[in-house]
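All remarks here apply to the structure that follows.
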Amino acid sequence: MDGNGIILSIKNLVKAFPKDDTEMIAVSGFALDVKDGEFICLLGPSGCGKTTVLRIIAGLQSATSGELTLKGKPITGPGSDRGMVFQEFGLFPWRSVKKNVEFGLEVQGVDETKKNEISKRFIDLVGLSGFERSHPNQLSGGMKQRVGIARALASNPEILLMDEPFGALDAQTRNLMQKELLRIWQETKKTVIFVTHSVDEAVFLADRIVVMTGRPGKIKEIYTVTLPRPRDRGHPDFINLRKKILDELEQQRQGT
Amino acid sequence: MSSLLDMRVIHKRYLTKDNLIRTSLMIVSLPIFIAFWWILALYFQGQNFYYLPTPLEVWDALVQAWTQDPATRLSLLANVYASLVRFLLGFLLALGLAAPLGLLLGYSRYANALAFPVIELLRPIPPIAWVPFLLLAASFFWGPILTIFIGVFFPVLSNVIFGVRSVDPLIIDAAKTQGANRWQVFSKVMFPSSIPYMMAGVKIGLGVGWMCIVAAEMLASQGGGVGAIIVGGQTVGRYDIMFAGMVTVAVLGILTLLIGSLIERRVKKWMGME
Amino acid sequence: MDQTFINSNRNAALAVLKAHIEANNWIVETVANKNTTEGQANYTLLLNLGASFSNRNTTVVASALEHMTIQYNLTEAHTNYFKNFTNAYVSSGLIKATDVPDVDAFVNGLVDTSLLAEAISVTPVSEDATLTNVRIGYLNGDLHQFSRVVAMSAEVGSLLGLGDRSVFAAYGINAVAPSAMPGSGYANGGAVMTGFAGNDMDVGYLGAPPTILNVANQKLDVSIVALANTEGSALIVNNDVESIDDLDGLTIGEPGISSIQYLLLLEIADRYGYEVVKA
C-alpha cells in the first residue's frame with residue numbers, strides 16, 4: 001500500500017479473446033485505484049466485462065496487457081490474498097460448514113487449535129453458530145453464501161472479491177444478506193470489490209460505483225456515494241442517484 | 001447401516017397406506033416367479049424335456065451340495081470360498097489399478113491421449129475371451145483372478161475418468177482463490193469429488209466380476225468354485241446341479257451388491273452428497 | 001443311436017451299422033497285414049486317413065492303433081462294464097439313485113444288440129440309388145472312432161469292391177454333419193449328447209460314460225447299438241512314477257467328470273484304496 005492508502009492498482013487493463021480469425025475485446029483500457037477498506041461496486045449490464053475484470057484480479061484469468069498490483073506486488077495468479085465469493089456458492093459438498101471454512105487454513109498448514117479458533121470466529125461472525133457440522137445440502141441459499149463469505153474471510157485475504165454473490169437468492173434473502181454483508185464488512189474492515197448488475201444493490205452497498213459499458217468493456221463513469229449508512233431506499237438522494245445511473249445505463253443501451 | 005434396521009424408516013418406506021400395495025407386490029413377486037417356473041418345468045418334463053429342473057430339484061441339489069457337491073466333490077461352502085477368494089482378489093486388484101490410473105487419465109490430457117487408443121482397443125474384448133490365454137500365461141491360480149480383474153477394470157476406469165472430468169469447475173476456482181496449489185486442488189477437490197463416480201463404477205464392476213467368475217472357472221478351477229459346479233453339472237447332464245450353481249452365483253451377486261450399496265451410501269453420506 | 005431314428009428308419013440304421021462293421025473289419029485286417037508286401041499300401045492309406053482326421057502325424061496314428069482295439073461286437077462283458085460305470089456314478093452322486101433305481105434294468109434297456117445281429121446281412125445298394133441322409137456326430141480329432149473315418153473314405157470303398165464311393169454311400173447312406181456340430185467335431189462326449197437332446201443328430205460316436213450320464217439324467221431316448229473301440233485310454237506319467245502307489249499325493253489331470261478317464265481314475269482309487277480329492 002502506498003502513501004495514499006491505495007491497496008489495489010489497475011492500469012490499462014486489456015483482455016482480448018481469440019474469436020474466429022480475429023479477436024473479441026472483452027475489456028479495454030480499464031484503470032482503477034482502490035483504497036484500503038473501500039467498498040467498490042462494478043456495475044453494468046451483462047457482457048460489459050465486469051466479471052472478467054474481477055476474475056483477472058482474482059488471478060483466475062490472465063490479462064492480455066496492463067498492470068495489476070496488490071500492495072505494490074504484481075498479480076500473477078490466484079492466491080489466498082484475494083478471497084472470492086461466487087454467485088453459485090462454490091462450496092465443497094462433502095465438507096461440513098466448519099471444514100469448508102477451514103479449507104484455506106488447511107491449505108496453508110495452520111495448526112489445529114488455531115484453525116478451530118479462526119473458523120469459529122468467522123462462523124459466528126456470519127451468524128451460523130450451531131451449524132458447524134451441517135453439510136451444504138442441508139442449508140438454504142442464504143446460509144450457503146454466509147459460509148462462502150466466512151470461508152473467503154477466514155484465510156485473511158487482502159481484498160474480498162464478490163461475483164454477484166446474491167444473484168441466486170430470492171429478493172427478501174437478498175436484502176437481508178446485503179445488510180449482513182455491510183455488518184460483516186464494517187467489522188472486518190476488508191476492501192471489497194463487488195460485481196453486480198443491480199443498480200439498487202450498488203447504491204445500497206458501495207462507496208464508489210464503477211459503471212461499465214460493454215463491447216468493448218470499459219469504464220463509463222465512476223460515482224462516489226456519500227450517503228451515510230445504513231442507507232434508506234426511500235431517501236430522495238438515494239432515489240435520485242439510482243435514477244441517474246439507470247438513465248445512464250438506458251442511454252448506453254440505446255446507443256446514444 | 002443404522003437405517004437398515006431403523007423401524008421408523010422401515011415403516012415409512014414400506015408400511016404406510018400408500019406403500020402397502022407396492023410392498024405386497026414385492027413380497028409376492030418371488031413366490032409367483034417360483035410357481036411359474038415350477039409349472040413350466042413340470043410341463044417340459046411332461047414333454048420328455050428334462051433340461052429345466054423344478055425348484056424342488058434345484059433345492060435338493062443345493063442341500064446335497066451343502067454336504068458334498070457331486071460335480072466337484074467339495075462342499076458348497078468350499079466352492080463358494082474358492083470363488084470368493086478369486087473374486088475379491090481380482091476385484092481389489094482392478095480397483096487398486098483402475099482408480100489411480102483413472103485419476104491420472106482424467107486429470108492429464110497428455111496421459112489420456114497416450115493411453116486412450118490402447119484402452120479403447122482392449123475394452124471391447126470380453127474377459128471370457130482372455131481365459132485360455134490367462135490360464136496358460138498366469139497359472140491356474142492367477143488366470144481366473146486376472147479374468148475377473150479385466151472385467152472389473154474397465155468400468156471402474158471409465159467411471160473414475162468421468163468423475164474427475166465432471167468436477168464442477170466452480171469449486172476448482174474456489175479452491176484456487178483459497179490458495180490451493182495444483183497438487184492441493186487435485187487431492188483436496190478433484191479426488192474427493194470423483195469418489196461417488198468411482199463407487200458407481202465399483203457397483204458395475206461387482207456385477208461384471210461375477211459373470212467373469214463362471215467363464216473363468218469353466219476351463220479350470222483350482223479348489224473348485226461356483227462356476228465349476230455349473231459347468232460340472234452341465235457336462236453330466238445334471239441340470240439341477242447346474243441350476244443350483246446358478247442360484248448360488250445369483251445369491252452371491254446380490255450379497256456383494258448389497259454390501260457395495262451400503263458402502264456407497266456410507267461414502268456418499270460422508271461426502272455430503274446424498 | 002437316437003431311438004426315434006431307429007424306430008422310424010430301421011433300414012438306414014442297419015445300413016450305417018453295416019458300413020461301420022465293414023470299416024471295422026478292414027482296419028483290423030489292414031493292421032494285421034501291415035508288414036506284408038501287399039498289405040503295405042493299405043496300411044499307409046489307413047495311417048494317412050487317421051492322420052488327416054486327427055491332425056497328428058502317421059507315427060502317432062500307428063502308435064494309437066497299437067494301443068487300442070478296434071472292435072464292434074458288443075458282448076455281455078461290455079454290458080457288465082456299463083453296469084459298473086452306472087454304479088460308480090450312482091455312488092458318487094453324479095446320477096441320482098432315484099433316477100436309476102434298478103441299474104441292471106437301466107443298462108439292459110440302454111443296450112440294443114439286435115441291430116448288430118441284423119446288420120450283418122445288409123447288402124450294398126446300386127450305384128445310382130438315392131442315398132438317405134443320416135446325421136452322424138463325433139468327437140473332435142478322436143481316433144477311437146476310426147471306423148467312421150474309414151467308412152467315409154471312397155478309397156476304402158473301392159478297395160472293398162464296393163465301387164468308387166465311400167463305404168457309407170455303398171450301403172445307401174449319406175453321412176452329414178449335425179447342423180450344430182462344430183466343424184471339426186464336438187469338444188467332448190457331453191457336447192455330443194446335446195446333439196441327441198436337440199434332435200440334431202441320428203447317430204453319435206462317443207464314449208459310454210457320457211452316454212450313460214445323459215441318458216440317466218436327461219432321460220434321452222438313445223440306444224447303444226455297437227462298440228467303436230475298447231482299450232483306448234492311458235495314464236501319462238513322468239519317469240519318477242513306476243507304480244500306482246507312486247501316485248499318492250500327486251495331482252492328476254483328467255478330461256472332465258463325464259469322461260471314461262475320470263471313471264477309470266475313480267476305479268483305480270477304489271481298487272488300490274485311495275481317495276480322489278479335487279485339487
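Just so it is clear, the values below take in all heavy atoms, side chains as well, and ignore hydrogens, waters and symmetry mates. Here is the naming used below: chain letters follow the sequence lines, and residue numbers restart at 1 for every chain.
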Side-chain ion pair, Asp240(B) and Lys96(C), N-O less than 4.0 Å:
yes

Point-to-point distance, once rounded to the nearest 0.5 Å, from OG1 of Thr235(B) to CG of Leu213(C)
9.5 Å

How far does CD1 of Ile241(B) sit from CG of Leu94(C), to the nearest 0.5 angstrom?
6.5 Å

Gln234(B) CD to Ser258(C) OG distance, which is reported to the nearest 0.5 Å
9.5 Å

Less than 4.5 Å to any heavy atom of chain B: does that hold for the side chain of Ile212(C), its backbone, both, or neither?
neither

Test item: Val236(B) and Asn214(C) side chains (from C-beta on) under 4.5 Å apart, heavy atoms
no

Taking atom CG as the centre, does Asn238(C) end up with more than 12 heavy-atom neighbours from other residues, nucleotides or ligands that are less than 6.0 angstrom away?
yes

Heavy-atom distance under 4.5 Å to chain C: side chain of Arg73(B), backbone, both or neither?
side chain

Gap separating the CD atom of Glu57(B) from the OG1 atom of Thr98(C), nearest 0.5 angstrom:
8.5 Å

Should the heavy atoms of other residues, nucleotides or ligands under 6.0 Å from CH2 of Trp59(B) be counted, would the total exceed 12?
no

Tyr51(B) versus chain C, the contacting section by heavy-atom distance below 4.5 Å
both

Is it true that atom OH of Tyr81(C) has more than 12 heavy atoms of other residues, nucleotides or ligands lying nearer than 6.0 Å?
no

Pro70(B) versus Ser92(C), closest heavy-atom pair with distance:
CB-O, 3.5 Å

Would you indicate whether Ile268(C), at its atom CD1, is surrounded by more than 12 heavy atoms from other residues, nucleotides or ligands within a distance under 6.0 Å?
yes

If you count the non-hydrogen atoms of other residues, nucleotides and ligands that lie under 6.0 Å from CD in Glu267(C), is the total more than 12?
yes

For Glu120(B), is the CD atom crowded, meaning more than 12 foreign heavy atoms sit under 6.0 Å from it?
yes

Gln218(C) vs Phe49(B), side-chain contact (heavy atoms from CB on, under 4.5 Å): CA-CA, chis, key distance, verdict
CA-CA 8 Å; Gln218(C) 290 298 314; Phe49(B) 179 79; over 6 Å; no

